[in-house]
Amino acid sequence: MSTTAERATVPSADGDVPYRYTAALAGEIEKRWQDYWDAEGTFHTPNPSGALAEPDWDVSSKKKFFLMDMFPYPSGAGLHVGHPLGYIATDVTGRFRRMCGDNVLHALAYDAFGLPAEQYAVQTGQHPRKTTEENITTMRRQLRRLGLAHDGRRTFATIDPGYIKWTQWIFLQIFESWYDTEADGGRGRARPIADLVAAYESGERATPDGRAWADLEEVERRRIIDGHRLAYVSESPVNWCPGLGTVLANEEVTAEGRSERGNYPVFKRNLRQWMMRITAYADRLVDDLERIDWPEKVKTMQRNWIGRSTGANVRFPTAAGDLEVFTTRPDTLFGATFMVVAPEHPLVDELTAVAWPEQTEDAWTGGYGSPAEAVTAYRKQAAAKTEVERQVEGKDKTGVFTGSFATNPTNGEQIPIFIADYVLMGYGTGAIMAVPGQDERDWEFAERFRLPIIRTVQPPEGFDGKAYVGEGPAINSAGDGVSLNGLGVAEAKEKIISWLESAGYGEGTVTYRLRDWLFSRQRYWGEPFPIVYDENDLPVAIPLEQLPVLLPEVPDYSPKTYDADAADTEPEPPLARVPEWVYVEMDLGDGPKRYRRDTNTMPNWAGSCWYHMRYLDPTNDEKLVDPEIERYWMGPRPERGGPNDPGGVDLYVGGVEHAVLHLLYARFWQKVLFDLGHVSSDEPYYKLFNQGYIQAYAFTDARGQYVPADEVVEEPADSGQFFWNGQPVHREYGKIGKSLKNAVSPDEMYESYGADTFRVYEMSMGPLEQSKPWDTRAVSGAQRFLQRLWRNVISEETGEVVTVDEPADDATRRVLHQTIDAVRTDMAGLRFNTAISRMIELNNHLTKLDSVPREAVEPLVQMVAPIAPHIAEELWSRLGHTETLAFAPFPEPDPALLIAETVTCVVQVAGKVRDRLEVSPSADDSTLEELALASDAVQRALDGRGVRKVIVRAPKLVNVVPA
RNA sequence: GCCCGUGUAGCCCAAUCGGCAGAGGCAGCGGACUUAAAAUCCGUUCAGUGUGGGUUCGAGUCCCACCGCGGGCACCA
């Protein structure tokens with residue numbers, strides 16, 4: 001193989017301009033260079049050691065740059081022009097960093113387990129592996145044609161047995177560990193489960209009932225241990241989705257109580273499922289957001305999702321024992337005039353009085369003769385309501401009185417206890433102290449049920465609202481034991497908490513909205529759990545050397561699905577249908593025994609929780625990742641994020657839709673692996689960038705059916721009236737999709753324009769983080785740019801190089817170096833749209849010259865290379881270079897040429913431009929003032945008025961302020 | 001309802017610290033070239049920055065209120 005790609009010698013076009021840069025020529029050039037890069041291994045990235053190290057590369061002499069795209073999911077529908085946007089952007093960045101001298105790691109693997117793949121397979125009646133692999137092949141082909149500089153040796157798919165092995169291995173690491181909340185000064189840390197066993201054995205840690213560890217039955221011990229594992233089986237209320245036939249994580253259920261995928265209703269059911277103890281990491285997941293460079297929007301979403309709130313637990317004495325509430329406003333305790341518990345609260349039965357007390361208001365009884373009847377009826381009614389109904393009813397507060405009272409610990413007042421569905425069992429303690437004076441919901445309830453309202457925070461003068469939730473001095477807050485009057489909210493909180501603690505009524509506490517992560521799915525197409533159950537139905541890990549546990553063949557890939565509303569159904573996973581797989585005889589240390597396999601599979605988030613690590617060491621079969629290699633690519637870098645830098649991927653680009661799913665789960669796994677000492681970085685992704693979406697217009701006819709967008713015409717132009725086959729159609733703007741009939745495939749772009757033009761167009765559309773509309777017509781602008789660039793180097797008539805070796809003139813040099821300067825900055829800041837416009841400007845400048853100096857066009861070719869790499873390689877080689885452009889240094893600006901010889905100084909009178917002066921860039925204030933005042937135009941504008949003041953911003957502006 | 005982002009020409013978008021509203025592209029118009037067309041080249045029209053106030057010598061940029069669009073959260077105690 002020669003060092004440059006072999007050129008086709010035949011002219012690509014006919015007529016007068018046989019060597020024009022047409023789509024056909026572009027295609028030929030692009031395919032040739034893609035083959036060259038593959039054959040040469042141009043983008044093979046060396047590791048510091050191991051199988052992918054290269055002896056002649058001194059890795060330590062280069063800065064590393066680990067670049068990642070969000071895991072693509074190979075859909076059966078193929079790509080549309082929106083998909084490559086992020087891949088192009090990361091490719092440009094990677095190529096740019098490589099030209100800046102970095103050792104760039106960039107590869108692409110496939111997230112291939114999951115529901116859509118399974119559904120597609122069920123639809124087409126084929127094995128999901130077959131359809132998934134075909135989809136991957138299609139996607140690889142479409143992406144290869146884009147010319148991405150990926151290290152092809154580092155690709156993989158989550159369904160590869162070699163990958164599944166390590167996904168399961170990590171699961172077992174999590175299973176075999178517990179969270180020691182005392183470790184690291186109270187921050188807590190995951191530790192091996194063996195440490196916990198040792199602590200029980202030594203007596204350092206007491207058993208729940210105080211018996212000695214040695215006195216416990218084996219099964220008792222295992223139950224205790226299993227209760228501490230970070231991955232644990234639990235019988236608890238979970239999200240059951242009959243329409244999908246599986247349970248779902250909280251993060252996969254929308255606010256409307258429906259499945260994020262498929263939009264089916266979801267019901268709460270008590271089921272035995274795998275959970276991951278992500279709540280143990282709640283604080284670190286919140287706090288460590290400070291240490292990473294992510295969009296504020298995503299950080300906020302994660303903070304909201306975790307929902308940490310600080311406050312106090314307060315116990316109110318009742319006849320049925322203490323009723324514990326959580327409140328973020330313990331300072332308002334004196335204003336608690338009633339209590340509300342969730343209908344599902346365990347104390348409700350005991351709190352329900354035998355008869356209505358005297359002076360019970362009619363409104364409180366719900367019209368029932370006894371509390372028991374009222375409570376039963378209300379609970380039934382609440383249970384029948386779906387989440388949606390609860391929301392639709394919104395602020396209409398409902399509830400009934402239980403007939404019993406609690407004692408407000410601050411002042412001994414007897415306050416009534418209600419049940420109401422605006423209090424949720426799943427948050428805090430499922431009970432609240434209601435303080436209508438400072439809480440809008442409680443105010444509404446108090447108004448509806450005619451309950452007393454006491455303000456305990458003085459609202460500002462003129463406050464005419466109802467509940468006052470703002471800052472102010474405490475009032476009406478003095479009791480026998482404590483007075484808060486006059487204190488601000490924060491001080492009052494502090495004082496009441498210490499009083500509660502000393503009086504034994506409660507303590508300061510923190511609650512979270514985050515729940516443990518439900519980790520099993522009753523689907524086929526996912527990783528099997530590396531777990532079997534023994535005769536006690538307790539989980540036992542399959543030994544590491546027996547991994548991976550692979551999926552068996554099944555008669556039917558689909559789980560049993562039900563009518564979407566059939567809440568009282570049971571999950572029935574496909575794996576349960578193969579008893580010969582489910583029941584196995586194994587020797588797990590105490591002789592051959594019969595075990596039952598877990599028939600659930602992992603959610604498809606499992607594979608994406610750690611795939612960043614697989615890129616580093618993709619073939620390692622001995623270890624998750626070699627520690628030296630992991631440290632090199634992902635270890636903490638104080639020079640980047642300061643002494644607290646957590647390590648992680650240098651740049652991670654993807655859409656914002658994974659803000660609280662993948663991105664939260666991956667952080668969690670990373671932290672577990674970090675705690676257990678397997679990795680050196682405790683955050684997976686140091687810098688996150690959310691790209692916008694490419695959107696498009698779609699058109700519907702009178703019946704609301706989508707019509708092919710590319711056949712719609714606008715008549716007359718720019719009128720906003722659209723027609724398809726002569727009938728008027730309605731335009732809407734939004735997603736690209738096959739069903740919307742507005743999808744344009746990258747293949748069509750390659751065919752009509754070539755990959756480089758497509759890349760330039762996508763990068764020039766606007767800021768990467770913004771969403772913007774696709775406009776196929778506008779692509780020709782990008783093509784014209786590349787054609788002009790081509791013509792600046794190559795004769796369209798003869799195919800010969802037309803650049804000259806004479807030095808460039810001064811003006812050209814200045815334009816060149818200013819362009820270099822701007823392009824470098826823009827590229828580093830991912831502002832490819834402005835970088836391209838600067839290059840177009842320079843290119844247009846060169847077009848106007850009689851002959852194009854090599855001195856000017858070579859740097860332009862280098863600058864274009866990250867964005868349009870094929871044409872750049874081609875021109876570079878035709879200009880006589882024998883080595884790939886991929887490692888050619890990115891041009892550096894000459895500082896001397898960045899300073900203009902003269903600058904235009906704008907002269908304003910009263911803020912209006914009246915004159916322009918050509919001055920030296922070093923002109924000082926007084927010179928400029930003199931020049932300005934001497935200007936005829938200024939004198940005319942002053943029209944005899946005096947000068948009050950002259951503002952000079954040398955050298956660009958003088959503003960004369962008339963008297 | 002609350003929070004975040006955003007609004008510049010027919011369209012996509014530029015505009016360091018507040019300092020000439022326009023870099024680039026699309027579309028349109030005119031011209032050159034051509035028998036003609038395409039392509040190419042040259043030239044060019046079009047907004048005063050969503051609305052209303054304010055600060056300032058000077059506001060697209062800063063502050064306040066409102067409107068439109070996009071997104072997030074939504075009885076979380």
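Reminder, nothing fancy here: chain letters follow the sequence lines and each chain counts from 1.
Proximity note for K949(A) (side chain, C-beta onward) versus C26(B), A77(B), C57(B): the nearest is C57(B). Nearest to the side-chain atoms of L424(A) among the listed nucleotides A27(B), A77(B), C57(B) stands A77(B). Nearest nucleotide to the side chain of V961(A), out of C57(B), U40(B), A77(B): C57(B). When the nucleotides A27(B), U40(B), G72(B) are ranked by their closest atom to the side chain of M301(A), G72(B) comes out on top. Side chain of R784(A), nearest nucleotide from A77(B), C20(B), U40(B): U40(B). Closest to the side chain of P773(A), from the set C20(B), C12(B), G19(B), is C12(B). In this structure, of C26(B), A77(B), C42(B), it is C26(B) that holds the atom nearest to the side chain of A778(A). When distances run from any side-chain atom of N833(A) to the nucleotides A14(B), G24(B), A27(B), the shortest one goes to A14(B). For V423(A), taking side-chain heavy atoms from C-beta onward, the closest of the listed nucleotides A77(B), G19(B), G71(B) is A77(B).
Shown here, C17(B) is classed syn by the O4'-C1'-N9-C4 or O4'-C1'-N1-C2 angle, which is within 90° of 0. Annotated as syn: G48(B), whose glycosidic dihedral is within 90° of 0.
S764(A) comes within 4.0 angstrom of nothing in the nucleic acid, heavy atoms only. Among the atoms of the strands shown, none is found under 4.0 Å from any heavy atom of K956(A). Among the heavy atoms of the strands lying under 4.0 Å from S771(A) are primed sugar atoms or P, OP1, OP2 only; no base atom is included. Across all strands, T300(A) comes closer than 4.0 Å to no nucleic acid atom at all (heavy-atom distances).
Residue T511(A) places none of its side-chain N or O atoms closer than 4.0 Å to OP1 or OP2 of A77(B). Side-chain nitrogen and oxygen atoms of R791(A) include at least one within less than 4.0 Å of the OP1 or OP2 phosphate oxygen of C41(B). Between C20(B) and Q908(A), no contact under 4.0 Å exists linking OP1 or OP2 to a side-chain N or O. Distances shown here put every side-chain N or O of R838(A) at or beyond 4.0 Å from the OP1 or OP2 atom of A14(B). At U6(B), none of the side-chain N or O atoms of Q770(A) fall inside 4.0 Å of OP1 or OP2 (strictly under the cut-off). The phosphate of A77(B) (OP1 or OP2) has no side-chain N or O of R513(A) nearer than 4.0 angstrom. For N844(A), a side-chain nitrogen or oxygen approaches OP1 or OP2 of G25(B) to under 4.0 Å.
Across the strands present, A37(B) finds no partner; the criterion is a Watson-Crick or G-U wobble pair with both atom distances under 3.5 angstrom. In a base pair of the Watson-Crick type (N1 to N3 plus N6-O4 or O6-N4) or a G-U wobble (N1-O2 and O6-N3), with each distance short of 3.5 Å, G1(B) is matched with C73(B).
For the residue pair Y697(A) / D775(A), no side-chain donor-acceptor distance below 3.5 Å is found, with atom types taken as modelled.
Taking atom P on both nucleotides, C17(B) is separated from U55(B) by 24 Å, rounded to a whole Å. For the C1' atoms, the distance linking A27(B) with C62(B) amounts to 36 Å, nearest Å. Comparing the C1' positions of C13(B) and U8(B) gives an interatomic distance of 9 Å, to the nearest angstrom. For G52(B) and A9(B), the P atoms lie 16 Å apart once the distance is rounded to whole Å. The C1' atoms of G28(B) and C11(B) are separated by 12 Å, rounded to the nearest whole Å. Taking atom C1' on both nucleotides, C12(B) is separated from C73(B) by 31 Å, rounded to a whole Å.
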Could you go step by step and tell me if R791(A) and E796(A) meet the salt bridge (Lys or Arg N to Asp or Glu O under 4.0 Å) rule? CA-CA 7 Å; R791(A) 272 202 303 275; E796(A) 290 187 337; 3.1 Å; yes

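The aromatic rings of H658(A) and H662(A) sit perpendicular, their planes meeting at an angle over 60°, well past the 30° parallel limit.
If you measure from atom CZ of F785(A) to atom P of C12(B), you get 23 Å, rounded to the nearest angstrom. Look at CG on D915(A): it is 21 Å from P on G19(B), rounded to the nearest Å.
A donor-acceptor distance shorter than 3.5 angstrom exists from the side chain of N690(A) to the backbone of G654(A), with no hydrogens or angles considered. Judged purely by atom type and a 3.5 angstrom limit, K299(A) uses its side chain to pair as donor or acceptor with the backbone of L289(A). The backbone N or O of Q908(A) sits nowhere less than 3.5 Å from a side-chain atom of D915(A) that would complete a donor-acceptor pair.
Under a cutoff of 6.0 Å and an axis angle of 45°, K397(A) and F445(A) do not form a cation-pi pair.
The residue among I840(A) and Y697(A) whose nearest nucleotide of RNA chain B is located toward the 5' end is Y697(A). Place E841(A) and M433(A) on RNA chain B by their nearest nucleotides, and E841(A) ends up nearer the 5' end.
Between the base of C75(B) and the side chain of K397(A) there is a donor-acceptor pair shorter than 3.5 Å. Checked by distance alone, R948(A) brings no side-chain donor or acceptor within 3.5 Å of a matching partner on the base of C57(B).
Aromatic ring centres of W774(A) and Y761(A): separated by under 6.0 Å.
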